[in-house]
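Notes follow the structure.
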Amino acid sequence: MPRYDFTDIESRWQHYWDENRTFHAPGPGEEGFDPKQPKFYVLDMFPYPSGAGLHVGHPKGYTATDVLSRFLRMRGYNVLHPIGWDSFGLPAEQYAIQTGTHPAETTAANIVNFTSQLKALGFSYDWQRELATTDVDYYRWTQWIFTKLYERGLAYQAEVPVWWCEALGTVLANEEVIDGRSERGDHPCVRRPLRQWMLKITAYAERLLADLEDLDWPESVKAMQREWIGRSEGGEIDFQVEGHSQTFTVFTTRPDTLFGATFCTLSPEHPLVEKVTGSEQRAAVEAYRLEASRKSDLERTALAKDKSGVFTGAFALNPVYPEGDPRRRMPIYVADYVLMSYGTGAIMAVPGGDERDFDFAVEHDLPIVQIVEPPSFPKDPAEAEKIGLVRQTEHQGQAAYCFTGVGRAIHSDFLNGLAKAEAVKAMIEWLQAQDCGRPRVTYRLRDWLFSRQRYWGEPFPVLHGEDGEVKLVDESDLPVSLPALDDFKPTSSGDPPLARATDWLEVVDADGKVWKRETNSMPQWAGSCWYYLRFCDPKNQDQAWSQKAENYWMPVDFYVGGAEHAVLHLLYARFWHKVLFDCGLVSTSEPFQKLVNQGMVQSFAFKDRRGALIPVDRVEEREEGHYFDQESGEPVERLIAKMSKSLRNVVTPDSVIQEFGADTIRLYSAFMGPVTASAPWNPRDLPGVHRFLQRTWRLFVPEEEDGPPLHPWLLEQKDGDEEVERALHKAIAKTTEDLEQLALNTAIAAMMEFVNVATRKGGRLSRSQAERFTLLLSPFASHLAEELWSKLGHNDTLAYEPWPEFDPAMLVEDTLDLPVQINGKVRARIQVPRQASREQVEETAMAEVGERLEGLQVRKVVVVPGRLVNLVVAKS
RNA sequence: GGGGGGGUAGCCCAAUUGGCAGAGGCAAGGGACUUAAAAUCCCUCAAGUGCGGGUUCGAGUCCCGCCCUCCCUACCA
């Protein structure tokens, strides 16, 4: 077998691993479990098994976790490295609706396809732990966790304005709606009040925020979660409405600016609007509210820079001004720049200290009172803006400005002269004394809309009595199986499709009372909120997981996935985990200790002169760096973009495996750059890593057609070449160090360096060198390494062989080659013994560059041990 | 507007965290082997690190001010 026949090698070893369950990690209580070994839990974000299959972006993250898992096994860890399927959700259902195929059928087919693709890449998953969120054995426990949430008062029903997507026939969570359109499918959405299940994630806002601190997560993800939670400290202030018994409350981060409040603004949805609007204003207000309700959020926010709004005819009373003071009466406006969903849906407007209020005041000719004095008034607008002086204009006959920066209070009675922090404190104390305000912390985070009017999701374990009573399905009656419906399309009425399952719908309890099942289903996020826990004990029929297993394996030590899950999945899972922690069901307060976002694998796309996208398969490179459209012959521009169907630039692993093999694709995925970096998939670079594998192969196997299966010298026990031995120690040291940092690209470079040295030295490795290098290579090119290992005469997999060691003494050279700098520029080099003293080094250096120092005075000699000598000289 | 990355040979990327700008790969050029080609092997080539200042004996790395680019977010009171 002279040639490196990767197709044959890879399929053989994949079968071997499968048959021998090589990567099954026994847990506590299981046969073969060794509690003396430390554990390590390496997790990939489990995929949604789409119909499209894998593209080459998937293996990037999967390769990183796989290399790490294999490395850690060899270092004596019990490694939990599972895989499963996030298989409920909209795409399967959409596809089913279009084609008439049942989602259970397409999901099963997709899982088969994904499984074979992942196996073809040789990932060392523990397939005995495979699970799918759509398995009844799995989702019965998802339902069970819901009952825990319900019992703790964290799941409730509410009539709330929710995003309704007509095209999808379901409500969506805020996070699933982007600019008024559905994230999936990009369909228009409108707000509509509906009875829905909500999860009280807001009760955990503070802990979700505070506990981010100790997580080893990318700063960007932490920042996104912090922003999403949106903690904001300030105060609440109650306002009387003149001539009404009504009051309303506003939230403000700047209670210290109350003296500058000259009007109030209510959100169009605010319930007070109806009550206080005067008869003269009623028509205008109603028209405005109607208009606002028709606008998408995008139109109301991002696109609308002008501040629209109408007067209600009512006045609010500013408590800091005495009766009779005209400043006490603040007109109440309705304006859509105030959102019902944040704070209290009402604000006090301080045009002197808030840009939006300032713009509104200017537009509607309302008074502007200055309440914070800027430290200076720079003439340069850019300078002014920098200190917070964001607007300056002539208004109502005098100069007016809006200052949002740091300054002292003015025109504010008892606050005058105070800096912001003291002023806020003083005002809140004053408000509390008057009983019309208090300190308050608000969060942008809202409760999680947890129900969907769709078929392909977990049924709720909830029963509704005719009298309106709501109760949980008894734990002993779980699971509530998803009924096998033929017609699973959304209904035009908005009723969930499960309402059609007439046999399933009604339940009669022991007392003869008739109940109707909840017909909403859970959102896709439900299943992914706890799958990492089920992996600890996936076959457990009596419990979601055993305490023993959870205790041993959790938390997840290393979690890898895309940045797109920075808030949704990762926040929801943290929330559930904390609830389970409070229930005493898990032993850690956070599920994922270390998180890494793998970079995106992009792809080249091409654009012609008019900017139209040209499919990749229609482009040819006629000369270095110049690309042409084969159809029109026109030159096209190459750009780097996300892989997508529309750009026709998706690369699938299948074709690459066929041409170069799985080991090559793994190597290349890891070699492209840091795991976290995005880079384009460049087919031109594949042969490079493939050649490395071939060179490796040749170090073991003679090329001749009829040659022996192994170089004869590899069967002898002999010492290897000294230089090769040093290179090997260097490679082991570098690879080990890099793997600990997940710096796969540089680890591969180190192995390439070794192979280059070995090849240059004639390609004769000692048996021991060959064995150690094989082990070193095995986390990356696992199939090839297994093959070489068996050629060396081993009968077992190398997956659990001890990781090769290196001797630090082998890494240092006896003689150092040091540069000698004069004023920081390299002028000569010297050779000194490694042990040479500072004085010796200095002396040698001076002797070497002596003649260059003519007429110069050496003012300082810098000797950096082992690195360089720098002479600082000046004209004497 | 705000937040988080990133700009180093033609390209993808390294650089012991202040110490010789180069580990590795691609591409390019030359040579060896070959009747020839492929494959393989050997050799060569290149940037002074986005721009402008500063600190330092010494800056890709630290500080200040800009430019470009990718991702996220955006009237949040």
request  = Report, as yes or no, whether the 6.0 Å neighbourhood of atom CD on A/Glu659 holds more than 12 heavy atoms from other residues, nucleotides or ligands.
outcome  =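 Incorrect, the count does not exceed 12.
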
[N] pairs with which nucleotide, Watson-Crick or G-U wobble, both distances below 3.5 Å?
{"N": "B/A36", "value": "none"}
{"N": "B/A15", "value": "none"}
{"N": "B/C26", "value": "B/G10"}

ask   = Would you call B/G48 syn or anti, using the 90° rule around 0?
value =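 B/G48: syn.
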
Euclidean distance for [atom1], [N] against [M] (whole angstrom):
{"N": "B/U49", "M": "B/C68", "atom1": "C1'", "result": "16 Å"}
{"N": "B/U8", "M": "B/G50", "atom1": "C1'", "result": "10 Å"}
{"N": "B/G5", "M": "B/C43", "atom1": "P", "result": "41 Å"}
{"N": "B/G1", "M": "B/C62", "atom1": "P", "result": "25 Å"}
{"N": "B/A47", "M": "B/A23", "atom1": "P", "result": "16 Å"}
{"N": "B/G10", "M": "B/U55", "atom1": "C1'", "result": "35 Å"}
{"N": "B/G65", "M": "B/C26", "atom1": "P", "result": "43 Å"}
{"N": "B/C76", "M": "B/G3", "atom1": "C1'", "result": "15 Å"}

query = Picking from B/C57, B/C26, B/C76, which would you name as closest to the side chain of A/Lys860?
reply =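 Selected nucleotide: B/C57.
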
message = Of the listed nucleotides (B/C76, B/G25, B/C75), which one gets closest to any side-chain atom of A/Lys307?
response =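 So the side chain of A/Lys307 is nearest to B/C75.
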
Could you state the [atom1]-[atom2] distance from [X] to [N], rounded to the nearest angstrom?
{"X": "A/Leu571", "N": "B/C72", "atom1": "CG", "atom2": "C1'", "value": "15 Å"}
{"X": "A/Leu686", "N": "B/C26", "atom1": "CG", "atom2": "C1'", "value": "11 Å"}
{"X": "A/Arg444", "N": "B/C75", "atom1": "CZ", "atom2": "C1'", "value": "12 Å"}
{"X": "A/His565", "N": "B/C71", "atom1": "NE2", "atom2": "P", "value": "18 Å"}
{"X": "A/Tyr337", "N": "B/G1", "atom1": "OH", "atom2": "C1'", "value": "18 Å"}
{"X": "A/Lys222", "N": "B/C72", "atom1": "NZ", "atom2": "C1'", "value": "17 Å"}
{"X": "A/Leu744", "N": "B/G25", "atom1": "CG", "atom2": "C1'", "value": "15 Å"}
{"X": "A/Tyr668", "N": "B/G25", "atom1": "OH", "atom2": "C1'", "value": "10 Å"}

query = Do the side chain of A/Thr735 and the main chain of A/Ile732 share a donor and acceptor less than 3.5 angstrom apart?
reply =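 No, A/Thr735 side chain to A/Ile732 backbone: no donor-acceptor pair under 3.5 Å.
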
Short side-chain to backbone donor-acceptor contact, A/Lys222 and A/Glu213, under 3.5 Å =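 The answer is yes, because a donor-acceptor pair under 3.5 Å joins these two groups.
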
Between [X] and [Y], is the ring centre distance below 6.0 Å?
{"X": "A/Tyr333", "Y": "A/His364", "value": "yes"}
{"X": "A/Phe604", "Y": "A/Trp681", "value": "no"}
{"X": "A/Phe660", "Y": "A/Phe6", "value": "no"}

ask   = So do the side chains of A/Thr759 and A/Leu699 get within less than 4.5 Å of each other, counting heavy atoms only?
value =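 Yes, at least one pair of side-chain atoms sits under 4.5 Å.
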
One thing to verify: whether [Y] and [X] come together as a salt bridge, which I'm taking to mean a side-chain N less than 4.0 angstrom from a carboxylate O.
{"X": "A/Arg254", "Y": "A/Asp354", "result": "no"}
{"X": "A/Lys730", "Y": "A/Glu753", "result": "yes"}
{"X": "A/Arg289", "Y": "A/Glu291", "result": "no"}

request  = On the 0 to 90° scale, with breaks at 30° and 60°, tag the A/Trp697-A/Tyr4 ring pair as parallel, tilted or perpendicular.
outcome  =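 Plane angle between 30° and 60°, so tilted.
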
ask   = Could you run down nucleotides 13-19 of chain B 5' to 3' and tag each one B, S or - for protein heavy-atom contact under 4.0 Å?
value = SS-B--B

note = Each nucleotide of nucleotides 39-48 of chain B classed B (base within 4.0 Å of a protein heavy atom), S (only sugar-phosphate) or -, in 5' to 3' order, makes -SSSS-----

Could you list the protein-to-nucleotides 2-9 of chain B atom pairs, N/O on both sides, closer than 3.5 Å?
none

Which residue lies more 5' along RNA chain B, comparing A/Phe251 with A/Gln602 via nearest heavy atoms =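 Result: A/Gln602.
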
ask   = Does NZ or CZ of A/Lys307 fall inside the cone over A/Phe360's six-membered ring, less than 6.0 Å from its centre and within 45° of the axis?
value =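 A/Lys307 over A/Phe360 ring: no.
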
